[in-house]
Asks: 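One structure coming up, written as structure tokens, with questions to follow.
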Protein chains: 2
Amino acid sequence: MPRNAANTRKTIVDAAVSLFYAEGIRRVSVDAVAEKAGVTKRTLYYHFRSKDDLIATYLESRDLPNLQTFRRWFEETDGPLAAKVEAIFSHLARASRHPKWRGCGFLRTAAELANMPGHPAVKAGSAHKKRVEGWLADEIVAAGVANAQDKARQVVLLMDGAFSLVLVHRDPAYFEAAGAAAASLLGGDG
Amino acid sequence: MPRNAANTRKTIVDAAVSLFYAEGIRRVSVDAVAEKAGVTKRTLYYHFRSKDDLIATYLESRDLPNLQTFRRWFEETDGPLAAKVEAIFSHLARASRHPKWRGCGFLRTAAELANMPGHPAVKAGSAHKKRVEGWLADEIVAAGVANAQDKARQVVLLMDGAFSLVLVHRDPAYFEAAGAAAASLLGGDG
DNA sequence: GTCTATAAGCCGATAGAC
DNA sequence: GTCTATCGGCTTATAGAC
């Protein structure tokens, strides 16, 4: 594959994704991203205005892939709505057992940038979370369940609560408990 | 008040609490904490082994005060269990409107230290969250509601989900929605 | 126990060559 | 568009005086 500009840019973003997720955005230096991408820092600054720009690009690059993963887990599961939603939580529980799991990159970035509410990366996180909530609402409507907006919001509250508490306690049981609660409110026990 | 050792130590911890919560633990330097406390860096390092030690002390110092605030909000509210628990969420929604609000310090620290699971500060956060969950379970038992453990866990999932999503979206409505959901599962609508 | 001073290295960002 | 080289400043932590 020829090394053109778009290609180099993607290589840098991939390196940023890997390092920022693994170690946190403040802990990872621009030098480290450049080295991992196999380019010099000067090249990195040719493609990105600043480290903040790179951080925002990192999260924007994860929006669609993460949403698609949720959709796939949902669609691959047979049964009623409650079972399909609960399957998302079961997959997250399994993922959280992996030694490289570090919680939700969007939430962790918002936590690291809590003193900069208007930061583009925080906005990217907000947009992603809204997209997930909106998609869930659409699926709940499609399943003919009432109060879809309220229920979608409760599901994402449980999901992001589990992301946070599993990160704190390192105990996947919080994903299981959240999944059971989500299934229950979607009529999974009826 | 005489400036003795315990006094100096407390002054340093107070400065750390204020700065670490406002700006994040990685963003705040030891120099900044020492300056805010009105001591030199050498004095700070006399009282604390390292910055990590100071970070852990910061969170440990917030365990009891935060729990006591929750208890007070709960006890000051008249009515059934569901209303008393929902009041906690209403107070959090109000607090989150303050311009200096930055989410939950325990969750934000766990997010910043996600690559160091055994860090003493993360353990302090885990202990605090367990204490809140345990206290809620006790109150649910005392109110004679069934499945107290499961319900306490669902309440903390909703609460920490709201902490996270209000930080991302800067929208207190997530605290209100979480409070309504918590009240509902505790029989508030029955 | 608190001070002044500084070590030793990493940080984000830039200059200028080609 | 990518390179080599480096700036000025900030970082955690320590040495030695009193």
Side-chain angles (χ1 to χ4, degrees), chain A residues 1-59 108-109 112-113 115-116 118-122, chain B residues 1-59 108-109 112-113 115-116 118-122:
Chain A
M1 180 147 48
R3 176 70 92 78
N4 59 33
N7 199 346
T8 300
R9 186 181 163 92
K10 186 183 181 314
T11 304
I12 295 168
V13 173
D14 288 348
V17 166
S18 147
L19 288 174
F20 285 151
Y21 179 73
E23 301 184 44
I25 58 173
R26 288 249 164 81
R27 174 145 179 128
V28 172
S29 68
V30 175
D31 292 77
V33 175
E35 185 182 355
K36 174 127 190 169
V39 302
T40 63
K41 214 165 21 170
R42 190 65 189 83
T43 299
L44 188 150
Y45 275 104
Y46 173 80
H47 288 281
F48 299 92
R49 237 171 305 124
S50 62
K51 185 180 181 181
D52 284 335
D53 185 20
L54 182 58
I55 294 167
T57 306
Y58 144 60
L59 283 189
R108 277 174 54 213
T109 301
E112 286 204 63
L113 298 176
N115 61 326
M116 308 173 74
H119 193 290
V122 177
Chain B
M1 181 149 44
R3 177 70 92 78
N4 59 33
N7 200 344
T8 300
R9 186 182 162 93
K10 185 181 182 312
T11 303
I12 295 168
V13 173
D14 288 348
V17 166
S18 145
L19 288 174
F20 285 152
Y21 179 73
E23 301 184 42
I25 58 173
R26 289 247 165 82
R27 175 145 178 128
V28 171
S29 69
V30 175
D31 291 76
V33 175
E35 185 182 354
K36 174 127 189 168
V39 302
T40 64
K41 216 165 18 170
R42 188 67 188 82
T43 300
L44 188 151
Y45 276 105
Y46 173 81
H47 288 281
F48 298 92
R49 239 171 304 121
S50 62
K51 185 180 180 181
D52 283 335
D53 185 20
L54 182 58
I55 294 166
T57 307
Y58 144 59
L59 282 189
R108 278 174 54 213
T109 301
E112 286 204 62
L113 299 176
N115 61 327
M116 308 174 73
H119 193 290
V122 177

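Below, all heavy atoms of this structure are taken into account, side chains as well, without hydrogens, waters or symmetry copies. Labels below follow one simple rule: chain letters A, B, ... track the order of the sequence lines, proteins then strands, and each chain is numbered from 1.
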Asks: Send over the distance from B:R27 CZ to D:dC10 P, rounded to a whole Å.
Replies: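 Result: 12 Å.
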Asks: Return the value, rounded to whole Å, for the distance between atom CD of B:E23 and atom P of D:dT11.
Replies: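 Going from B:E23 (CD) to D:dT11 (P), I get 11 Å.
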Asks: On DNA chain C, nearest-nucleotide positions of B:D31 versus A:K41: which is more 5'?
Replies: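 Looking at DNA chain C, the more 5' nearest nucleotide goes with B:D31.
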Asks: When you measure from the side-chain N and O atoms of A:T8 to the phosphate of D:dT2, is any distance below 4.0 Å, counting only OP1 and OP2?
Replies: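 Looking at the OP1 and OP2 atoms of D:dT2, one of them is under 4.0 Å from a side-chain N or O of A:T8.
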Asks: Distance-only, no hydrogens or angles: does the A:R9 side chain make a donor-acceptor pair with backbone N or O of A:H47 under 3.5 Å?
Replies: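 Answer holds: yes.
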Asks: Categorize A:V28 for me: base, sugar-phosphate, or nothing, with a 4.0 angstrom heavy-atom threshold over every strand shown.
Replies: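 Answer is sugar-phosphate: A:V28 comes under 4.0 Å of backbone atoms only.
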Asks: Could you give the CD-to-P distance, from B:E35 to D:dT12, as a whole number of Å?
Replies: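 Spelled out: CD on B:E35 to P on D:dT12 is 13 Å.
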Asks: Evaluate the side-chain proximity of B:V122 to B:M116: yes if any heavy-atom separation is below 4.5 Å, no if none is.
Replies: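 Not in contact.
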Asks: Taking atom C1' of C:dG1 as reference, at what distance in whole Å does atom CZ of B:F48 sit?
Replies: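 Rounded to whole Å, this separation is 14 Å.
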Asks: Could you tell me how far apart B:Y45 (OH) and D:dT14 (C1') are, to the nearest whole angstrom?
Replies: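 Taking OH of B:Y45 and C1' of D:dT14, I get 9 Å after rounding.
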Asks: Quick one: B:K51 NZ to D:dT11 P, roughly how many Å, whole number?
Replies: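 In whole Å, D:dT11 P lies 8 Å from B:K51 NZ.
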Asks: Under the 3.5 angstrom rule, does the side chain of A:E112 hit a backbone N or O of A:I25 as a donor-acceptor pair?
Replies: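 At least one qualifying donor-acceptor pair exists.
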Asks: Identify whether any heavy atom of A:S29 sits under 4.0 Å from a base atom; if not, whether one sits that close to sugar-phosphate; answer base, sugar-phosphate or nothing.
Replies: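 Contact class for A:S29: sugar-phosphate only.
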Asks: Given atom CZ of B:R26 and atom C1' of C:dC11, what is their separation to the nearest angstrom?
Replies: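 Checked: the CZ to C1' distance equals 14 Å.
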Asks: Please give, in whole Å, the distance from C:dG16 P to A:Y46 OH?
Replies: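 From A:Y46 OH to C:dG16 P: 19 Å.
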Asks: Would you find more than 12 non-hydrogen atoms of other residues, nucleotides or ligands less than 6.0 Å from B:E23 atom CD?
Replies: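 Enclosed: over 12 neighbouring heavy atoms sit under 6.0 Å from CD of B:E23.
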